[in-house]
Amino acid sequence: MSSNASNFSLAGKKGLILGIANEHSIAWGCSKLTHHLGADLVVSCLNDKARRFVEPLTEPLGLDLVSCNVEQPGELEALVAHAVEKLGHLDFVIHSIAWAPLEDLHGQVIDSSSSGFARAMGVSCHSFAELAKLCAPHMPEGGSMLSMTYLGADEAVPHYGLMGPVKAALESMVRYMAMELGPQRIRVHAVSPGPILTRAASGIADFDELMANAIRKAPLGRLVSLEEISQLCAFLCSDAASGMTGQTIYVDGGCHAVA
């Protein structure tokens with residue numbers, strides 16, 4: 001592919017983005033930026049309760065908003081079917097959903113329940129594989145699939161608890177998905193932002209302390225912004241990233257590089 005500025009455009013691209021909860025959501029930042037860069041989108045929120053907070057964001061942009069709870073049988077299938085009917089095909093998919101029961105998230109990993117661990121793994125990890133299986137047949141020209149991870153997958157981060165092993169599984173799955181989907185020219189990445197105060201992150205105990213530690217550790221000496229995370233995701237969804245797949249890519253002010 002020749003190098004030119006149009007490779008950075010998303011004009012005419014068709015995308016599906018899961019996981020908008022409010023204006024602080026990574027999924028919302030990605031939706032707003034990819035729409036601005038010319039992509040046609042279908043986006044999702046969890047349920048009707050979440051829709052009350054999300055619709056005021058998506059309506060002014062004319063985005064097609066669908067409720068989807070991946071724990072409910074048939075809802076993920078219905079979302080993908082709707083997106084394909086609306087858009088015709090898909091060029092990129094952004095999976096930005098994570099959840100664990102609070103009693104398991106706030107406790108020690110060794111105290112986590114089998115059912116809580118399984119639900120956290122199902123929502124935060126395996127649903128990405130399910131999504132990929134549903135979407136891949138509708139990506140005839142290839143494209144990009146992204147999911148969100150965190151440094152706690154690679155290092156033991158205080159208070160991150162159960163989500164550490166879950167995100168570690170997600171990062172491993174990304175590598176296997178990249179290998180399996182590469183022949184279809186589908187690229188798969190895990191994006192690893194530094195801590196920002198999303199709705200999902202607010203469930204983590206002592207999250208203020210985690211953010212303060214990230215600021216102290218980061219070579220840039222600050223947290224990253226929603227816009228910076230979204231810019232990385234938009235790049236990975238563009239043709240400019242056509243030679244990349246199977247990576248965990250950090251946007252964390254350099255935290256991951258410092259002991």
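The first residue in the sequence is number 1, and the count goes up from there. Please read these numbers as outputs of a predicted model, since none were measured by experiment.
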For side chain to side chain contact (heavy atoms under 4.5 Å, CB included), just list the numbers for Trp28 and Thr58, CA-CA rounded to whole Å, side-chain angles, deciding distance to a tenth of an Å, and then say yes or no. CA-CA 9 Å; Trp28 168 239; Thr58 59; 4.1 Å; yes
Kindly determine whether Glu103 and Ser113 satisfy side chain to side chain contact (heavy atoms under 4.5 Å, CB included), including the steps that lead there. CA-CA 9 Å; Glu103 58 271 24; Ser113 68; 6.0 Å; no
Please report the C-alpha distance between Lys14 and Asp40 in whole Å, then the side-chain angles of each, then the deciding distance to 0.1 Å, and finally whether the salt bridge (charged side-chain N to carboxylate O under 4.0 Å, His left out) criterion is met. CA-CA 5 Å; Lys14 315 292 186 181; Asp40 297 319; 2.8 Å; yes
Check against side chain to side chain contact (heavy atoms under 4.5 Å, CB included), His24 and Leu226: CA-CA 7 Å; His24 304 298; Leu226 183 61; 5.7 Å; no
Determine, step by step, whether Asp48 and Ser67 satisfy the side chain to side chain contact (heavy atoms under 4.5 Å, CB included) criterion, reporting the C-alpha distance in whole Å, the side-chain angles of both residues, the deciding distance to 0.1 Å, and the verdict. CA-CA 7 Å; Asp48 288 341; Ser67 298; 3.7 Å; yes
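For the pair Val157/Tyr150, a side-chain contact is recorded, criterion being any heavy-atom separation below 4.5 Å from C-beta on. Within the 4.5 Å cutoff, the side chain of Ser124 has no heavy atoms near those of the Leu170 side chain. Counting only heavy atoms from C-beta outward, the side chains of Leu46 and Ile97 never approach each other to under 4.5 Å. By the 4.5 Å heavy-atom criterion applied to side chains, Thr149 and Val174 are not counted as neighbours. Inter-residue side-chain proximity for Val70 and Cys68 is flagged as met; some heavy-atom pair is nearer than 4.5 Å. Side-chain atoms of Leu33 and Glu227, non-hydrogen and from C-beta on, never get closer than 4.5 Å to each other. The shortest distance between side-chain heavy atoms of Asp64 and Leu41 does not fall below 4.5 Å.
Hydrophobic clustering (side-chain heavy atoms under 4.5 Å, transitive across Ile, Leu, Val, Met, Phe, Trp, Tyr) groups Leu61 together with Phe92. Residues Val93 and Leu10 are members of separate hydrophobic clusters, defined by side-chain heavy-atom contacts under 4.5 angstrom among Ile, Leu, Val, Met, Phe, Trp and Tyr. In the hydrophobic clustering of this structure, Met163 groups with Leu102; members are Ile, Leu, Val, Met, Phe, Trp, Tyr whose side-chain heavy atoms approach within less than 4.5 Å, directly or through other members. Ile26 and Phe53 are not part of a single hydrophobic cluster, where members link through side-chain heavy atoms under 4.5 Å apart.
Legend: ring-ring contact (aromatic ring centres under 6.0 Å, His included) pairs involving residues 234-259, not counting sequence neighbours, sorted by first then second residue: Tyr250-His256.
With hydrogens and angles ignored, the 3.5 Å screen pairs a side-chain donor or acceptor of His189 with a backbone N or O of Met244. Within the 3.5 Å criterion, the main-chain N or O of Ala169 finds no donor-acceptor partner in the side chain of Ser172. The closest donor-acceptor contact from the side chain of Thr245 to the backbone of Val188 lies under 3.5 Å. Side chain of Gln184 to main chain of Leu181: no donor-acceptor pair is present (N/O by atom type, distance under 3.5 Å, no hydrogens or angles). At distances below 3.5 Å, not a single donor-acceptor pair connects side-chain atoms of Ser147 with backbone N or O atoms of Ala190. A donor-acceptor pair is defined here as one N or O able to donate and one able to accept, closer than 3.5 Å; no such pair exists between the side chain of Lys167 and the backbone of Asp154. A donor-acceptor pair under 3.5 Å is absent between the side-chain atoms of Ser96 and the main chain of Gly19, judged by distance alone. Of the possible polar contacts, none joining the Arg119 side chain to the Glu71 backbone as a donor-acceptor pair under 3.5 Å is found.
The two residues Ile94 and Cys233 make their nearest non-hydrogen contact at CD1-CB, 4.5 Å. The two residues Ser144 and Leu236 have their closest heavy-atom pair at OG-O, 3.0 Å. Taking all atoms of both residues into account, the shortest heavy-atom contact from Asn47 to Ala50 is OD1-N, 2.9 Å. For the pair Ile17 and Thr34, the tightest heavy-atom approach, listed with the atom from each and the gap, is CD1-OG1, 3.7 Å. Heavy atoms only, all atoms of each residue included: Arg187 and Ser242 are closest at CD-O, 3.5 Å.
Between the CG atom of Leu63 and the OG atom of Ser31 there is a distance of 6.5 Å, given to the nearest 0.5 Å. A distance of 11.5 Å separates SG in Cys135 from CG in Asp91, rounded to the nearest 0.5 Å. Interatomic distance, Leu37 CG to Phe8 CZ, rounded to the nearest 0.5 Å: 11.5 Å.
Ion pairing between a basic and an acidic side chain is recognised when a charged N comes within 4.0 Å of a carboxylate O; Lys13 and Asp239 show such pairing.
For Phe128, the ring pair (Phe, Tyr, Trp, His ring centres under 6.0 Å) partners two or more places apart in sequence, or in a different chain, are His95.
Around atom NE2 of His89, more than 12 heavy atoms belonging to other residues, nucleotides or ligands sit under 6.0 Å away.
Between Ser112 and Asp104, the side chains place no donor N or O within less than 3.5 Å of an acceptor N or O (distance only, hydrogens not considered).
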